[in-house]
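Per chain, numbering begins at 1; letters A, B, ... match sequence-line order. Just so you know, these numbers come straight off a predicted model, no measurement behind them.
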Number of protein chains: 2
Amino acid sequence: MTTIKDIAKAAGVSVTTVSRALNGYSDVSEKTRLKIMNLAKELNYSPNTLARGLVMNKSKTIGLLVSGLNRESAKDQITFSVLSGINECASELDYDLVLFNTNSTKQREKTYTQLCRERRVDGAIIQGIKTDDPYLQEVVNSDIPCVLIDYPIQSENVGHVTTDNKLGAKKAVNHLIELGHRNIAMVNGHSKAFVSNMRFEGYREALQEAGISYKKEWIVNGRFEEEAGKLQAIKLLEKYPEITAIFSASDLMALGILEGAKELGRKVPEDLSVVGYDDILLAGYSNPPLTTISQNIFQLGYQAANLLIKMLEGTLEPHVITLGTKLVVRESTAKNHK
Amino acid sequence: MTTIKDIAKAAGVSVTTVSRALNGYSDVSEKTRLKIMNLAKELNYSPNTLARGLVMNKSKTIGLLVSGLNRESAKDQITFSVLSGINECASELDYDLVLFNTNSTKQREKTYTQLCRERRVDGAIIQGIKTDDPYLQEVVNSDIPCVLIDYPIQSENVGHVTTDNKLGAKKAVNHLIELGHRNIAMVNGHSKAFVSNMRFEGYREALQEAGISYKKEWIVNGRFEEEAGKLQAIKLLEKYPEITAIFSASDLMALGILEGAKELGRKVPEDLSVVGYDDILLAGYSNPPLTTISQNIFQLGYQAANLLIKMLEGTLEPHVITLGTKLVVRESTAKNHK
DNA sequence: ATGAAAGCGCTAACAG
DNA sequence: CTGTTAGCGCTTTCAT
């Protein structure tokens, strides 16, 4: 393995000069620079980023703490899309990504901060974290710059990117209201998810603004899981047959609701309107295709990476970025005829 | 940031002793070990893996060169599943993963080997590479241990994991033959993909064993893309209406074929049987649901990581792992009535 | 059982 | 424009 020392010897100069030449400093004569460059190529030199990182105290690497990189979460491509977005931006700005082992089956024995510090990542992006994660507070207190996805913390060195979940939910519910629905239930995710809370807010507000009083019993939690969504929907519809529309906090659960409705013999959208959230790939393929709130997950990742790197390079202050959403009307919603 | 030096000072011992204590060497008195351990915790010490990597010349990190981590490839979750599998195994064996920027839009100016060497990864996993990739040869010649997914190179330090593509294809085609089809076309991916070649072999062999002569004109390439699959299928069916079944080298293309058939007014499976390959998520949701060859992509990633790490730790020789496939019969295939 | 010293490959004052 | 020197944090002989 060639080092700058080897190059220095071969070129008859000092390692300092080699280092400077290779890093494009101006104070090297054109002649020696050329010689060094050629030698580097000839000797097949690659810089040792560990050594460089050690002395410079930064690694041009950002750490990824994603909780959804596992067998189960392949169904919505959310984690994947976030990852793609991050990867794309990091690529462009010439950062590498390291994936941390956080979702290991074995006990998580290291904290986020430890993970980041050990690897000397310059910053971190955290996604899919629950609001009661014991290590979350740590992140804020630590001095490692980081950006959170869909989790609202800001501080001197933590930024935050999300979508306008409240407004998104409102769009969904308003759509139902405009179709003449008044008895609108909600299948939410779980209370530990920030997005759930916001989507609930949007639901509540939309109803309120339309002068519809909302019923606590009509709001259930489906843990963002398809099966749970189905079960909850069945329970809900059996107990309160007057419900004519359901707003689901995720498409995956909405898919479950569709199944549940089918089992109960309620036709969607004739007997029941369903609107989901996320616009995952399957939403367009379900039967019927799902009306949903579309968010650009790829952008979410991209913007997170961009913000973090800009923070690292001092060109941007940590702040919050909120992306928009869009109502996509497909065939799971229809006019209320009751 | 605490270093072993700080601990040494606080404990009144040398850095050597601290290093030994922290790494569980036996030649440290129980008393000092305890003192050091406590101090480490107290001072919130994290080892600097860069420094350690520098001296030990290994980093407990494996490099990932995946070509499909981008916006476009969210539709089949193949890349994601591979990634999940790798991540799971790496987690278990306590390795971290670094994602390299290979699919950047800007010119790829670094070779695989350079990427790996710069980052000092212990080994690499390569997925989604084309057979004509200019940098592929490099990998084999370099001394970096690596394992390739779905690409058949083996050498002193490169292993290889794949599924039995030939047999898988045979299963698909045999299924069609058993249903009474004789005029079976194939929509393949592209000639630069190893799996395409193998799946074609399986197709050919199955026909041959059934005493059916195969027609070159009935084999087309859809580049593994949905739209191209559709177009190719339309062209094929218009020109050769006698075709009663199509074997597609991927589900995504099969989805396209389904659309194409619909446009031509050919009902699937009554007028045309279609079998796909991969068993992606959408396969179960298409209309009609797709009969396909299922492969365990997660396992593919898992096994790749396992093999690589075992190679790195000297417990396994580089070799090839071939995983099985399974025919999943859904509703896109039926008896031939022509 | 412990320490002194060297060195991994690189960058960064500082001096000339 | 170039070299000398020091040092990033850690592990590892080699002594003691």
Side-chain angles (χ1 to χ4, degrees), chain A residues 1-37 39-40 43-61 96 113-122 144, chain B residues 1-37 39-40 43-61 96 113-122 144:
Chain A
M1 193 109 316
T2 318
T3 71
I4 52 171
K5 214 157 145 189
D6 300 322
I7 299 183
K9 206 176 298 174
V13 298
S14 74
V15 291
T16 316
T17 306
V18 176
S19 172
R20 278 192 288 235
L22 256 22
N23 289 303
Y25 281 59
S26 57
D27 53 355
V28 181
S29 80
E30 207 42 52
K31 207 178 108 211
T32 46
R33 145 167 291 122
L34 213 68
K35 197 201 288 181
I36 288 171
M37 287 308 207
L39 242 21
L43 299 176
N44 199 12
Y45 169 78
S46 309
N48 183 330
T49 54
L50 297 186
R52 179 181 284 161
L54 185 58
V55 39
M56 309 235 293
N57 212 30
K58 60 205 193 71
S59 56
K60 276 243 180 187
T61 303
D96 281 331
T113 332
Q114 279 177 318
L115 245 21
C116 294
R117 287 212 309 225
E118 290 190 4
R119 282 284 168 186
R120 286 302 187 273
V121 298
D122 297 338
I144 296 162
Chain B
M1 192 108 318
T2 317
T3 71
I4 52 170
K5 213 157 144 188
D6 300 322
I7 300 183
K9 207 175 298 174
V13 298
S14 73
V15 290
T16 316
T17 306
V18 176
S19 171
R20 279 192 288 236
L22 257 22
N23 289 303
Y25 281 60
S26 57
D27 54 354
V28 180
S29 80
E30 207 41 53
K31 206 178 109 213
T32 44
R33 145 166 291 121
L34 213 69
K35 195 200 289 180
I36 289 170
M37 288 308 207
L39 242 23
L43 299 176
N44 200 12
Y45 169 77
S46 308
N48 183 331
T49 54
L50 297 187
R52 179 181 284 161
L54 185 57
V55 37
M56 307 236 292
N57 211 31
K58 60 203 193 70
S59 57
K60 276 242 180 189
T61 302
D96 281 331
T113 331
Q114 278 177 318
L115 244 20
C116 294
R117 286 211 309 224
E118 288 189 6
R119 282 284 169 187
R120 287 302 187 270
V121 298
D122 297 340
I144 296 163

Indicate whether any N or O donor in one side chain lies under 3.5 Å from an N or O acceptor in the other, for B/Arg119 and B/Ser59. no
How do B/Val13 and A/Asn48 order along DNA chain C: which one's closest nucleotide is nearer the 5' end? B/Val13
At less than 3.5 Å, do the side-chain atoms of A/Arg20 and the base atoms of D/dG3 form a donor-acceptor pair? yes
Rounded to the nearest 0.5 angstrom, the CG-CD1 distance for B/Asn23 and B/Ile4 is 9.0 Å
Among the nucleotides D/dT11, C/dC10, C/dA12, whichever has the atom closest to the side chain of A/Met56 is C/dA12
Would you say the side-chain atoms of B/Thr49 pair up with the backbone N or O of A/Glu118, donor to acceptor, closer than 3.5 Å? yes
In whole angstrom, what separates B/Glu118's CD from C/dG9's P? 15 Å
Taking OP1 and OP2 of C/dG3, is either one under 4.0 Å from a side-chain nitrogen or oxygen of B/Ser14? yes
Nearest-0.5 Å distance that lies between atom CD1 in A/Ile144 and atom CZ in A/Arg117: 6.5 Å
Rounded to the nearest 0.5 angstrom, the CD1-NZ distance for A/Ile7 and A/Lys35 is 12.5 Å
Select base, sugar-phosphate, or nothing to describe what A/Asp27 touches, counting heavy atoms under 4.0 Å on all strands. base
Here the distance between atom C1' of D/dT2 and atom NZ of A/Lys35, to the nearest Å, is 12 Å
Quick one: label A/Asn23 by what it contacts on the DNA or RNA (base, sugar-phosphate, nothing), any heavy atom closer than 4.0 Å. sugar-phosphate
Return the nearest nucleotide to the side chain of B/Val28; candidates are C/dC10, C/dG7, C/dT2. C/dT2
Distance check needed: C/dC10 P versus A/Lys58 NZ, whole Å only. 17 Å
Does either side chain, that of A/Ser29 or that of A/Thr32, offer a donor lying less than 3.5 Å from an acceptor on the other one? yes
Check step by step if side chain to side chain contact (heavy atoms under 4.5 Å, CB included) holds for B/Lys58 and B/Arg120. CA-CA 7 Å; B/Lys58 60 203 193 70; B/Arg120 287 302 187 270; over 6 Å; no
Roughly how bent is the helix from C/dA1-D/dT16 to C/dG16-D/dC1 end to end, in steps of 10 degrees, with each end axis from five pairs? 40°
Please list, by residue number, the residues of residues 2-12 of chain B whose heavy atoms come closer than 4.0 Å to an atom of DNA chain C; answer none if no residue qualifies. B/Gly12
Student check: side-chain heavy atoms of A/Leu22 and A/Ile36 closer than 4.5 Å: yes
Heavy atoms under 4.0 Å, any strand shown: does A/Thr32 hit a base, just sugar-phosphate, or nothing? sugar-phosphate
Quick one: is B/Ser19 getting a side-chain N or O under 4.0 Å of the D/dT11 phosphate, OP1 or OP2? yes
Rounded to whole Å, the CG-P distance (A/Leu22 to C/dT11) equals 8 Å
Taking donor-acceptor contacts at under 3.5 Å, does the side chain of B/Thr16 reach the base of C/dA4? yes
Between A/Arg20 and A/Asp27, is a side chain to side chain contact (heavy atoms under 4.5 Å, CB included) present by the stated rule, with each step listed? CA-CA 8 Å; A/Arg20 278 192 288 235; A/Asp27 53 355; 3.6 Å; yes
B/Leu50 CG to D/dC8 C1': how many Å, rounded? 10 Å
Rounded distance (Å) that lies between atom C1' of D/dT12 and atom CG of B/Asn57: 14 Å
With side chain to side chain contact (heavy atoms under 4.5 Å, CB included) as the test, would you mind laying out the steps for B/Asp122 and B/Thr61 before giving the verdict? CA-CA 6 Å; B/Asp122 297 340; B/Thr61 302; 5.5 Å; no
Atom NZ of B/Lys60 and atom P of D/dC10 are separated, to the nearest Å, by 18 Å
Write down the distance between CZ (B/Arg120) and P (D/dT11), rounded to a whole number of angstrom. 18 Å
Any side-chain N or O of A/Tyr25 under 4.0 Å from OP1/OP2 of C/dA13? no
Would one find a side-chain N or O of A/Ser29 under 4.0 angstrom from OP1 or OP2 of D/dT2? yes
